[in-house]
Each structure stands twice: as C-alpha cells, then as structure tokens.
There are 2 protein chains.
Amino acid sequence: MNVRTTETEAISPRPLHGEVAERLRRLIIHGEIPPGERLNERLLAERFSISRTPLRDALKLLSAEGLVEILPYRGAVVSRVTLDEAEGLFQVLSALEGLAGDLACQKATEADIAEIEALHADMRRHYERGELDEYFALNQRIHQAIVNCAQNAELTAIHSRLAQRIRCVRYVANFSPARWTRAMAEHEEILEALRQRDGVRLQNLLKTHLGRKFESVREWLLANQG
Amino acid sequence: MNVRTTETEAISPRPLHGEVAERLRRLIIHGEIPPGERLNERLLAERFSISRTPLRDALKLLSAEGLVEILPYRGAVVSRVTLDEAEGLFQVLSALEGLAGDLACQKATEADIAEIEALHADMRRHYERGELDEYFALNQRIHQAIVNCAQNAELTAIHSRLAQRIRCVRYVANFSPARWTRAMAEHEEILEALRQRDGVRLQNLLKTHLGRKFESVREWLLANQG
DNA sequence: CGCCTCCCATCGGTATACAATACGCAACGA
DNA sequence: TCGTTGCGTATTGTATACCGATGGGAGGCG
C-alpha cells in the first residue's frame with residue numbers, strides 16, 4: 001500500500017520537481033535564501049539529495065513564477081525586487097484584487113462570507129495582541145479567500161504568484177502602529193462592503209488598501225535599500 | 001565569430017529550449033497542433049532534431065504559460081480552452097488592459113502615440129480591404145503597444161501570456177461583418193481617448209471592447225464546441 | 001606599474017542511459 | 001459473454017556523463 005493513499009487526498013502522483021519547487025519557494029519567501037543569492041545547481045541538488053535534473057525543473061518553475069531569474073550560462077539567482085518593480089507589482093495586484101472584489105460580491109456564497117468573517121475575527125484578535133506574524137498570515141489568507149470567491153482559476157493563479165513575490169518584501173516591511181490601526185480599519189470596511197455585496201465599493205476599497213500598503217513598502221524600500 | 005552576433009541584437013545567448021519553446025508556441029497558437037493533442041516527447045525531439053531534455057524544458061515553459069498541461073506520467077497535452085475558462089481569461093485581460101490604458105494615458109510619449117496611430121492607420125487599411133489575418137495581427141500589436149506604454153514589465157508579461165492563450169481561440173472566431181465594423185469604430189474611440197490622455201475613458205473603452213470581443217468568442221464557442 | 005591577453009577551473013546546457021509508471025491487450029474465470 | 005486480472009509495451013521521470021561557455025586569475029606586453 002502506498003503511503004500517500006493513506007491521506008485524505010485520493011490520487012496525487014507528485015513528481016519530485018514539484019516537491020523541490022515548493023521547498024525552494026518556502027526558503028525564498030521566508031528569506032532564508034536572500035535576494036541576489038546565486039543558486040548553484042550542484043550544491044542544491046546535493047542539499048536535497050536529488051539529481052540536478054529535477055532541481056533544474058524546479059528552478060524553471062520558479063523562474064516562470066518570477067521568484068528567480070535564470071541568466072544563460074550564468075545560473076539562477078533569487079530575484080531582487082526593486083522599487084520600480086514593486087510599484088508595478090502593486091499596480092497589477094490592485095487591478096486584479098479590484099476585479100476579484102467586484103466578482104466576489106456577485107458570486108460569493110453566504111458560507112464564503114462567513115468563512116472570511118471568521119478569518120477576519122481571528123485576525124482582529126492577533127491585531128489586538130500585537131502578534132504581527134500571525135496578523136500577516138491571516139491578512140494574506142483573507143485576501144486570498146476574497147480572490148477565491150471570484151471563481152476564476154486564472155485570476156487565482158496569477159494573484160497567488162504576484163502575492164508570493166511581494167511577500168518576500170512585505171514580510172520585513174514592519175509598518176508603524178498607526179498604519180497598522182488604519183489597515184485594520186480598512187479591513188473592517190472591506191468586510192462590510194462584501195457583506196453588503198457592494199461590488200464597486202469593495203473594488204475601490206481593495207485598490208486603495210493595496211495602494212496604502214505599497215506606500216508603506218515604498219518607504220521601507222527607500223530607507224533600507226536606497 | 002558567432003553567427004548570432006551578426007544580428008542587430010547585441011548580446012543574446014539563446015539556450016536551445018528557448019528556441020524550441022518559441023517554435024512550439026507558434027505551432028500551438030496557429031492551430032497546427034490542435035487543442036487536446038498529446039505531445040510525445042520522443043517524437044517532438046526527433047522532429048526538432050534535439051534531445052528530450054531541452055524539449056522537456058520547453059514544455060515546462062509552455063506549461064507555466066498555460067498553453068499546455070502536463071499530467072504526471074501521462075505527458076503533455078495542448079490546453080483546451082473551455083467557455084468558462086475563456087470567460088475567466090477575458091475578465092482578467094479586461095482588468096489588465098483597463099489598468100494599462102489608465103497608465104498609458106499618464107506615461108505614453110508623443111512618439112508612442114504616434115506609433116500607435118500608425119499601426120491604427122495600417123489596420124484600417126487592412127479592414128477596408130477585408131484582410132482579416134492582417135487586421136488581427138495589427139489589432140494584436142495595437143493592444144500590445146498600449147500595454148507597453150504603461151511601462152510595467154510584469155503587466156506586459158502577464159498580458160502577453162493571456163493574449164497568447166486567447167489567440168488560440170480567437171484566431172478562428174470569425175466574427176460577423178457588423179461586429180467587425182463596430183470593433184473598428186471602438187478602436188477609433190480608443191485611439192481618440194489615448195490622444196486626449198483621458199485615462200478613465202480609455203480604461204472603460206478597453207474594458208467594453210474586450211467584453212464585446214468575448215461575446216463574439218462566446219457565441220463561436222457555443223456554436224462549435226458546445 | 002597598469003592593462004590586456006590567454007588559460008584554466010567551474011558551472012550551466014545538452015545528450016544519453018536507467019528506473020518507474022500508466023495504458024492496452026489478452027487470457028482466465030464466473 | 002462479460003468482468004477482472006496479469007503482463008508487456010510505450011512513455012514519462014530521474015540520474016549520470018559529456019560538451020561548451022563564462023569568468024577570474026596569472027602571466028606577458030606596453
């Protein structure tokens with residue numbers, strides 16, 4: 001009996017490069033492999049106890065996701081997000097979440113909204129306790145849940161990719177208590193708009209919310225990496 | 001002396017899998033490899049006179065672009081775009097082109113606009129002569145040029161990918177003469193809004209333009225593949 | 001003393017060989 | 001006759017070997 005079949009998931013043959021890509025993704029997003037770092041194929045293959053082939057496949061995947069850049073004959077490096085790139089990413093992300101918000105108001109079920117409300121309540125608790133990491137995690141899950149409500153596979157996929165790329169930066173963007181309070185208030189409004197299924201309002205709220213988030217990231221980038 | 005350096009492009013060492021990916025992309029977009037077709041690695045490698053390794057790399061790339069789907073241990077097949085998927089793609093594309101239009105009105109240079117006007121004039125000529133293929137090509141280039149004006153690398157990249165996926169379908173979506181005339185008029189309006197740098201108007205025009213385009217694709221899909 | 005050139009070590013790109021998995025077919029049994 | 005089961009083949013996933021490019025350093029030349 002295969003070990004995998006013991007899990008709830010019925011069938012899921014997972015090639016090695018998929019696993020490797022996931023592990024690398026975590027390492028990069030959590031900052032354990034810093035931006036600009038060169039990724040030596042032989043060393044990494046040895047580290048994961050696999051051959052170079054699936055590792056290269058994984059790097060190709062991450063390259064397509066934008067997490068790493070592959071230079072011909074020079075290898076892969078972890079993408080370094082500049083200020084201009086961050087602005088571009090936030091612009092696209094705003095447009096996408098705006099669309100998602102609009103669609104979510106049309107397509108979300110009551111169960112969907114209830115779930116988001118639960119996440120929101122959870123996030124509020126962490127906010128009140130000043131637990132930043134948990135707050136960020138919940139924040140991310142809420143935005144993701146709203147996008148999921150739009151029931152648009154491509155939108156979900158692209159949003160996920162962009163959010164990952166931005167998370168590398170945002171993770172360390174420790175904003176001010178004032179900004180945190182304001183962000184929390186914005187989330188309250190967002191949830192209210194979703195409850196009322198006010199598409200255009202939710203769209204605008206999400207866009208300005210992300211715009212403000214970018215401002216905070218912008219300041220951090222200007223202060224820390226010129 | 002390397003042959004490639006004789007071309008205008010200064011430095012561009014192009015790995016084999018890149019070339020192969022491009023060739024495959026063309027084959028798929030032009031419909032020479034129909035949707036649903038299985039892509040046998042050995043046969044394709046033999047066809048291109050290369051090994052399986054770079055071919056597999058190319059398939060991974062196209063998979064990330066969404067043009068093919070890779071099923072574990074079962075190989076790659078050309079993605080078949082369903083009606084629901086097409087709707088999702090157009091929704092995202094509308095949001096992205098809307099954003100691009102807004103940004104373009106802020107950032108486009110006079111030279112950019114002049115170039116788009118030239119493309120537009122060219123397209124009009126082909127329209128008047130009833131040359132559909134050339135019209136489509138110019139149409140594509142115009143939309144692409146508008147997106148380029150936004151000066152947002154990520155936006156350009158994602159838009160390009162989505163446009164490619166949709167082109168597989170739209171290429172055969174021979175719409176009615178009435179729709180063609182209307183589309184041409186919409187493009188006139190689009191160009192006018194860009195000239196006047198009316199961001200919100202251009203954004204709305206592009207969104208409705210794409211919405212109509214989807215309607216035409218929708219009808220074709222309903223008629224031809226149920 | 002500085003710059004340019006050439007050489008070599010290192011590493012990524014490609015080709016090939018081996019292992020694992022899925023699909024089709026045929027034989028067996030009910 | 002139909003369903004099931006086992007095997008064989010074809011095809012994908014992985015590992016390894018080879019080739020070519022790149023970049024840095026040593027040595028020579030100006």
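Both backbone and side-chain heavy atoms feed into the values below; hydrogens, waters and symmetry mates do not. The chains referred to below are lettered A, B, ... by the order of the sequence lines, with proteins before strands, and numbering in each begins at 1.
Between the CZ atom of B:R42 and the C1' atom of C:dC18 there is a distance of 12 Å, rounded to whole Å. Rounded to whole Å, the distance from NZ on A:K60 to C1' on C:dT14 is 11 Å. Rounded to a whole Å, the NE2 atom of A:H17 is 13 Å from the P atom of D:dT12. Between the CG atom of B:L39 and the C1' atom of D:dT11 there is a distance of 13 Å, rounded to whole Å. Here the P atom of nucleotide D:dA21 and the OH atom of A:Y73 are 6 Å apart, to the nearest Å. The CG-C1' distance, from A:L71 to D:dA21, rounds to 14 Å in whole Å. The CG atom of B:L16 sits 15 Å away from the C1' atom of D:dA21 (whole-angstrom rounding). Counting to the nearest Å, the C1' atom of C:dC11 and the CG atom of A:L44 are 13 Å from each other.
Taking a 4.0 Å limit (strictly below) on heavy-atom distances, residues 49-58 of chain B reaches DNA chain D at B:R52, B:R56.
Formation of a donor-acceptor pair under 3.5 Å by the A:R38 side chain with backbone atoms of A:R74 is found in this model. Not one N or O on the side chain of A:S63 forms a donor-acceptor pair closer than 3.5 Å with the backbone of A:I70. Checked by atom type and distance alone, the side chain of B:E85 pairs as donor or acceptor with a backbone atom of B:T82 at under 3.5 Å.
Scored by the ring pair (Phe, Tyr, Trp, His ring centres under 6.0 Å) test, A:H126 finds no partners at all (sequence neighbours excluded). Residues that satisfy the ring pair (Phe, Tyr, Trp, His ring centres under 6.0 Å) test with B:H120, not counting sequence neighbours, are absent from this structure. Partners of B:C149 under the side chain to side chain contact (heavy atoms under 4.5 Å, CB included) rule, at least two apart in sequence or in another chain, are B:A104, B:A108, B:D112, B:I116.
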Exercise for the section: Given salt bridge (charged side-chain N to carboxylate O under 4.0 Å, His left out), test A:R165 with A:E65 step by step and report yes or no. Expected result: CA-CA 8 Å; A:R165 280 188 67 181; A:E65 294 179 8; over 6 Å; no
Handout entry: Pair B:R125-B:D122, salt bridge (charged side-chain N to carboxylate O under 4.0 Å, His left out): steps then yes or no
Key = CA-CA 5 Å; B:R125 269 193 290 279; B:D122 218 2; 3.3 Å; yes
Practice task
Would you please test B:E41 and B:R56 for salt bridge (charged side-chain N to carboxylate O under 4.0 Å, His left out) and show each step?
Solution key: CA-CA 7 Å; B:E41 296 182 355; B:R56 286 173 59 80; 2.9 Å; yes
Short N/O separations, protein against nucleotides 7-10 of chain D, under 3.5 angstrom:
none

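For the OP1/OP2 pair of D:dA21 and a distance below 4.0 Å, the side-chain nitrogens and oxygens of A:R74 include no atom meeting the criterion.
A:L61 is not listed as a side-chain neighbour of A:L67, based on a closest heavy-atom distance of 4.5 Å or more. Using a 4.5 Å heavy-atom threshold, the side chains of B:L202 and B:D102 count as separate.
Residue contacts shown for A:L59 are absent, as no nucleic acid heavy atom lies under 4.0 Å away.
Within the helix from C:dC1-D:dG30 to C:dA30-D:dT1, the inter-axis angle between the opening and closing five-pair segments is 10°, rounded to 10°.
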